[in-house]
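So the structure is just underneath, and the comments pick up after that.
Note on naming: letters A, B, ... go to the chains in the order of the sequence lines (proteins, then strands), and numbering restarts at 1 for each one.
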Number of protein chains: 2
Amino acid sequence: MPVTTTSQATTEHQLRDALAGVGKAIGHPHRLRLLELLAQRAYRVEQLAELCDLNMASTSQHLQQLRRAGLITARREGRQMIYRLTDDRIVDLLGLVRDIAQSQLAEVERLLGQLFPQDIDEAPTEVFTRERLLQGLENGSVTLLDVRPGAEFEAGHLPGARHLTLAELKQHLHELPADRTIVAYCRGPYCTLSHQAVAYLRQQGYRVARLADGFPEWKRAGLPVEEG
Amino acid sequence: MPVTTTSQATTEHQLRDALAGVGKAIGHPHRLRLLELLAQRAYRVEQLAELCDLNMASTSQHLQQLRRAGLITARREGRQMIYRLTDDRIVDLLGLVRDIAQSQLAEVERLLGQLFPQDIDEAPTEVFTRERLLQGLENGSVTLLDVRPGAEFEAGHLPGARHLTLAELKQHLHELPADRTIVAYCRGPYCTLSHQAVAYLRQQGYRVARLADGFPEWKRAGLPVEEG
DNA sequence: TTTATATTCAATTAATATGTTGAATATTAA
DNA sequence: TTAATATTCAACATATTAATTGAATATAAA
């Protein structure tokens, strides 16, 4: 007859505790922000602290919670610690949480409407899937534009992408082709950078579209990237 | 020039707060247990309370946290509330958390070794993928055995599955075919029921294998189920 | 209506998580 | 060695979350 030892329930409970640790780790806005940043590239504690507007001790502690949950790893390099995602599946995890929240929580829907307002007069911006972008790059019908911060571009970007931050866009406007569709991309679906770039370029009369998601998802999909 | 309103940072923070809510929701062992159960079938509060060994008030509060996070919905039916997963993607979420934890946390690896000990002498139990099982069912080379509790089987099971709990297995042993492989399945990868069934049947001389994952994953994959 | 029942709400206490400060550690450069 | 720097640890105050109890609500049956 099947045996159910007394310790089995305990083990199952411990197992559930360990899995809950992953939930706890992503269950805080600061840690989500850290993961979003680390999905773009590896960072030192100091940089993360600055980008998240946290002090170093706090940042370090959050990073260690993420590490204990198996979501990031640390490597010492000289006198600094470099943190990175353990695994591309963390990108999937963040994406899945985003998708579930977006489809089930009215609050998220509302906030997205606020963050990405649709100008009702205009036709909606064209959105490229990864497949369509690949095709466009192959037949040379699109110019690819990375509008993330320079450091993120340098650590890795889509092949052939031109890099311009929003601030640089105005001065280099004439360098962009008027006869081809410009496809802008940024950190991911909830990042506003590519939306802002698209709005500006469109206003300036360019043919412009937006990649549906960002660099991490592209890399996660196993598509080629140029690394700095 | 691109505009960054003062409220944008706030909106992004609120958005991250909402997403963190999903993490918080799955960041407690009791709530994970509740989700595992609800992945099998819809349940009333009372049943969940009993299965999780919690009192009703506590159970109800945990359920409401899951509901606020958009992971489950409630429907009143007479004087009772029926809870169910909002979405099959919740099954994906649990699976992804499991996979990440398993590959990144030594503690999880250790606990699994404890929960599913490999008898070193024996050849390891054969594990069927869903694809292989489908094929085996088609050509009639396997008998499918559901070893979950009766209520879960009745709410939905794999087509053609025979239901026997571990307790019932002994008495109905002779009804099982000796000339075909018996494939047992249960709640999912971390459920011990199918392992126990396999160990017993094997010891009794049956040709027996285990489905890699359980009923929720099968259903989630869009494969046919027989509903009670 | 009244009564019985399932569930949720409210209030309390206990437990846990967070942010902050200053000290401790580990590594490089002097 | 010593000094400088990046990071982590320890300890505290504060905030959030959990479990428990008893009361309140909503529905169905009497």
Pairing residues for B:His157 by the ring pair (Phe, Tyr, Trp, His ring centres under 6.0 Å) criterion, not counting sequence neighbours: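 Ring pair (Phe, Tyr, Trp, His ring centres under 6.0 Å) check on B:His157 returns B:Phe153.
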For [X], enumerate each residue passing the salt bridge (charged side-chain N to carboxylate O under 4.0 Å, His left out) test, keeping only those at least two apart in sequence or located in another chain.
X: B:Arg89; answer: B:Asp87
X: A:Glu107; answer: A:Arg110
X: A:Arg67; answer: none

Pair assignment for DNA chain D - dot-bracket with | for other-strand partners, Watson-Crick or G-U under 3.5 Å: ||||||||||||||||||||||||||||||
Partner set under side-chain contact (heavy atoms from CB on, under 4.5 Å) for A:Cys191, not counting sequence neighbours: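 side-chain contact (heavy atoms from CB on, under 4.5 Å) list for A:Cys191, sorted by chain: A:Cys186, A:Arg187, A:Leu193.
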Residue list, side-chain contact (heavy atoms from CB on, under 4.5 Å) with A:Glu175, at least two apart or on another chain: A:Arg162, A:His172
I need the [atom1]-[atom2] distance between [X] and [N], as an integer number of Å.
X: A:Leu54; N: C:dT20; atom1: CG; atom2: C1'; answer: 12 Å
X: B:Tyr43; N: C:dA6; atom1: OH; atom2: P; answer: 18 Å
X: B:Arg68; N: D:dT16; atom1: CZ; atom2: C1'; answer: 13 Å

Produce the list of close N/O pairs, under 3.5 Å, pairing protein atoms with atoms of nucleotides 13-18 of chain C; give distances to one decimal.
| from | atom 1 | to | atom 2 | distance (Å) |
| --- | --- | --- | --- | --- |
| C:dT18 | OP1 | A:Arg31 | NH1 | 3.4 |
| C:dT18 | OP1 | A:Arg31 | NH2 | 3.1 |
| C:dT18 | OP2 | A:Gln65 | OE1 | 3.4 |
| C:dT18 | OP2 | A:Gln65 | NE2 | 2.9 |

Residue pairs passing the salt bridge (charged side-chain N to carboxylate O under 4.0 Å, His left out) test where at least one lies in residues 213-223 of chain B, sequence neighbours excluded: B:Asp92-B:Arg220, B:Arg98-B:Glu217, B:Arg130-B:Asp213
Salt bridge (charged side-chain N to carboxylate O under 4.0 Å, His left out) contacts touching residues 19-39 of chain A (sequence neighbours left out): A:Glu36-B:Arg16
Identify each atom pair where a protein N or O and an N or O of nucleotides 7-10 of chain C are less than 3.5 Å apart, giving names and distance.
| from | atom 1 | to | atom 2 | distance (Å) |
| --- | --- | --- | --- | --- |
| C:dT7 | OP1 | B:Val45 | N | 3.4 |
| C:dT7 | OP1 | B:Met81 | N | 3.4 |
| C:dT7 | OP2 | B:Glu46 | N | 3.1 |
| C:dT8 | OP1 | B:Tyr83 | OH | 2.6 |
| C:dT8 | OP2 | B:Ser60 | OG | 2.7 |
| C:dT8 | O5' | B:Ser60 | OG | 3.4 |
| C:dC9 | OP2 | B:Gln64 | OE1 | 2.4 |
| C:dA10 | N6 | B:Gln61 | NE2 | 3.4 |

A:Gln47 versus A:Tyr83, side-chain donor and acceptor atoms under 3.5 Å: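 The criterion, which ignores hydrogens and geometry beyond distance, is not satisfied for A:Gln47 and A:Tyr83.
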Sub-4.0 Å heavy-atom contacts from residues 14-23 of chain A onto DNA chain D, ordered by number: none
